[in-house]
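Numbers here are sequence positions counted from 1. Remember, it's a predicted structure, so these values are computed and weren't measured experimentally. What's counted below: heavy atoms across the whole structure, side chains too, no hydrogens, waters or symmetry copies.
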Amino acid sequence: MKLQERMQIGMFEGSIIPTIVKIGLPILIGNLLNYVYLIVDTYYIAMLDPSSPALLSGTGLLFPLIFVFEAIASSLAVGLSAVTGRLIGERKFEECKSLGISGVLMALLLGIPFIIICYTFGPDLIQLLAGSELSPEAATYGLQFLYSLAPGLIFMILLQVYGGILLGEGLTYVLAIAFMLMTVLNIILDPILIFVLKMGVAGAGLSTTISLCVALLYVIRFIQKGKARIPLTFSLSRFNGTIVKEIIRIGLPQFLMTVSIYVIAVVYNKIITTTFSENAMSAWTLTGRFDQILIIPIIAVAGATTVFVAQNYGRNQLERIKKALNVNLGFVMIMSTVIAVIYVFVAPWLFSKFTLIPEVVELATKQVLIISFTFGCMAITWVIGSFFQATGKPMPAVIILYIRVIIIIALGVYFIYVQKMGLNGIFISVAIGNVLSLPLSFFWIKRHLKSIKFESVLEN
């Protein structure tokens with residue numbers, strides 16, 4: 001029996017947990033490898049001059065901008081995975097053939113203008129993100145990193161498009177392999193381009209671009225071989241406006257949800273660079289990279305929730321998806337708590353491997369201690385949001401997350417400028433925002449579960 005056939009049997013009947021693990025584990029592995037890639041990049045960039053905060057603070061400025069682009073890409077992936085899963089659940093396999101060309105056209109329309117903006121307004125973007133307090137050296141590093149990484153952004157969004165379709169099919173292991181290729185290649189290329197060819201920060205960006213291209217080619221080749229249920233087609237005759245509208249209807253809220261996280265990063269980047277020291281910005285950047293380890297289980301379980309709920313919703317198995325929600329919420333909370341304990345324990349040792357500046361290690365460790373245990377609350381909110389998306393009702397998740405953003409930023413500004421709490425005010429505001437989003441999420445999902453009913457993709 002083929003893997004897809006075994007997966008489909010577990011999807012619609014039998015125990016939920018084994019199917020969630022089969023879907024979620026490759027997502028977990030893929031994102032763990034992506035996390036390793038981020039850490040490797042951070043390490044090699046820092047090793048150019050471990051005594052200088054300019055390298056991490058300069059390249060760190062770009063991550064909110066890059067994450068916004070990733071938000072665009074992930075919004076397409078979520079929209080495609082939800083629509084794919086529901087179409088498969090409804091057994092509308094002919095309509096599935098429209099997903100490839102529709103996703104690619106959307107990716108190009110969104111991605112190409114973004115890349116043009118990066119090259120045309122690069123210095124202005126750096127100035128906008130940094131303000132006037134960042135050193136010229138750090139700003140130069142940021143610009144070099146932007147120019148070398150920008151070509152890879154188009155590969156990133158196309159990889160997310162095809163990845164979203166495969167995710168909707170439940171073929172998550174393909175994405176794990178693609179991320180493995182990307183990570184291994186990046187680990188090989190980083191020292192060669194950065195140190196051997198003496199490209200510095202630009203070498204780190206270029207190695208990422210090349211690695212993303214290879215990962216995309218692997219996914220395309222997998223689909224071309226006919227191993228996926230949904231074929232790869234570039235025929236414009238397959239373009240389906242109704243399906244595109246549904247992808248946008250689900251994907252746009254996902255974009256807003258993802259951006260809500262990076263709005264916090266952008267605002268606090270600005271506050272830290274203009275109000276505090278460059279060491280503070282370096283610590284904020286370093287901790288932000290390692291925080292990805294707490295987001296990994298959230299992404300994995302949320303992705304598994306989207307696939308499982310979307311396909312069972314398409315099959316009109318409403319009681320099964322309600323049960324799956326309860327299982328996933330408990331799973332993600334346990335994982336987040338265990339990882340937070342480990343994170344707090346190893347933080348001082350871990351950060352000292354990336355910087356020789358004691359103040360940076362101290363500030364980064366304090367941030368972990370205050371915030372990390374509240375990530376479980378954010379994880380539950382994220383999984384609930386995936387449930388809303390998979391059932392075609394994404395807006396409640398958007399509203400909940402933006403209430404969280406407002407709470408975090410409002411409290412942060414109050415703690416910093418009124419209570420004079422310094423960086424502690426930022427850390428505490430994030431923790432409070434994470435915790436307060438939990439009861440609101442539970443209240444809204446409880447109402448949704450009472451009124452949920454099946455609606456076909458093509459009827460929306």
Side-chain angles (χ1 to χ4, degrees), residues 31-32 35-61 63-64 67 134 138 261-262 264-298 333 335-379 408-409 411-412 415-416 419-435:
N31 284 280
L32 180 60
Y35 165 76
V36 170
Y37 141 74
L38 289 173
I39 297 304
V40 168
D41 253 17
T42 301
Y43 177 78
Y44 282 124
I45 290 173
M47 287 303 100
L48 282 167
D49 186 355
S51 64
S52 172
L55 285 159
L56 288 180
S57 58
T59 56
L61 282 174
F63 278 89
F67 286 157
L134 199 69
I261 297 175
Y262 306 135
I264 298 171
V266 170
V267 171
Y268 279 156
N269 274 1
K270 194 78 170 181
I271 290 175
I272 291 171
T273 55
T274 57
T275 306
F276 302 102
S277 66
E278 195 162 59
N279 283 341
M281 182 62 196
S282 185
W284 176 257
T285 298
L286 187 61
T287 309
R289 299 287 186 90
F290 280 99
D291 281 350
Q292 295 295 319
I293 198 170
L294 291 179
I295 297 177
I296 288 173
I298 302 175
M333 186 63 182
M335 288 185 66
S336 296
T337 302
V338 171
I339 293 175
V341 171
I342 298 172
Y343 193 22
V344 169
F345 181 75
V346 304
W349 170 83
L350 189 63
F351 295 137
S352 66
K353 300 301 179 182
F354 287 81
T355 179
L356 299 177
I357 305 172
E359 183 185 4
V360 173
V361 175
E362 181 182 352
L363 289 173
T365 302
K366 182 182 292 186
Q367 180 177 338
V368 170
L369 183 62
I370 294 174
I371 296 177
S372 60
F373 285 103
T374 69
F375 269 58
C377 299
M378 188 182 74
I408 290 175
I409 293 178
L411 286 178
F415 288 152
I416 293 169
Q419 295 297 323
K420 308 298 182 182
M421 295 174 63
L423 281 175
N424 287 340
I426 293 178
F427 306 154
I428 294 172
S429 70
V430 174
I432 292 175
N434 290 341
V435 172

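- In this structure, C377 SG and I432 CD1 are separated by 12.0 Å, a value rounded to the nearest 0.5 Å.
- Of all heavy-atom pairs between S429 and G412, the closest is CB-N, 3.4 Å.
- When all heavy atoms of Y268 and I408 are compared, the closest pair comes out as OH-O, 2.9 Å.
- Every residue meeting the ring-ring contact (aromatic ring centres under 6.0 Å, His included) condition with Y43, not counting sequence neighbours, appears here in chain and number order: F354.
- Using a 4.5 Å cut-off on side-chain heavy atoms (C-beta onward), F375 and I339 make no contact.
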Please set out all donor-acceptor pairs under 3.5 angstrom arising from side-chain atoms of residues 356-365, sequence neighbours excluded.
{"unit_1": "E359", "atom_1": "OE1", "unit_2": "N279", "atom_2": "ND2", "d": "3.0"}
{"unit_1": "T365", "atom_1": "OG1", "unit_2": "V361", "atom_2": "O", "d": "2.8"}

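- Contact of the F276 side chain with the I416 side chain is registered, since non-hydrogen atoms from C-beta on lie closer than 4.5 Å.
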Pair up each side-chain donor or acceptor in residues 420-427 with any protein partner under 3.5 Å, not counting sequence neighbours, and list the distances.
{"unit_1": "K420", "atom_1": "NZ", "unit_2": "Y417", "atom_2": "O", "d": "3.2"}

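- Note that CD of Q419 and CG of L411 are 11.0 Å apart. Values are rounded to the nearest 0.5 Å.
- Qualifying side chain to side chain contact (heavy atoms under 4.5 Å, CB included) partners for V341, counting only residues two or more places apart in sequence or in other chains: F373.
- Every side chain to side chain contact (heavy atoms under 4.5 Å, CB included) that A138 has, sequence neighbours left out, goes to A54, S57, L134, S135, E278.
- For the atom pair OG1 (T274) and CE (M281), the distance works out to 10.5 Å, reported to the nearest 0.5 Å.
- With sequence neighbours excluded, the residues forming a side chain to side chain contact (heavy atoms under 4.5 Å, CB included) with L48 are L55, I194, F195, V201, listed by chain and number.
- Between atom CD1 of residue I45 and atom OG1 of residue T59 there is a gap of 4.5 Å, rounded to the nearest 0.5 Å.
- For S282, the side-chain hydrogen bond (donor to acceptor under 3.5 Å, both in side chains) criterion is met by no residue, not counting sequence neighbours.
- In terms of heavy-atom proximity, G376 sits nearest to S336 at CA-CB, 3.7 Å.
- Screening L369, I371, I370 against Q367 for a side-chain contact (heavy atoms from CB on, under 4.5 Å) leaves a single residue, I371.
- The distance from atom CE of M47 to atom OG1 of T355, rounded to the nearest 0.5 Å, is 8.0 Å.
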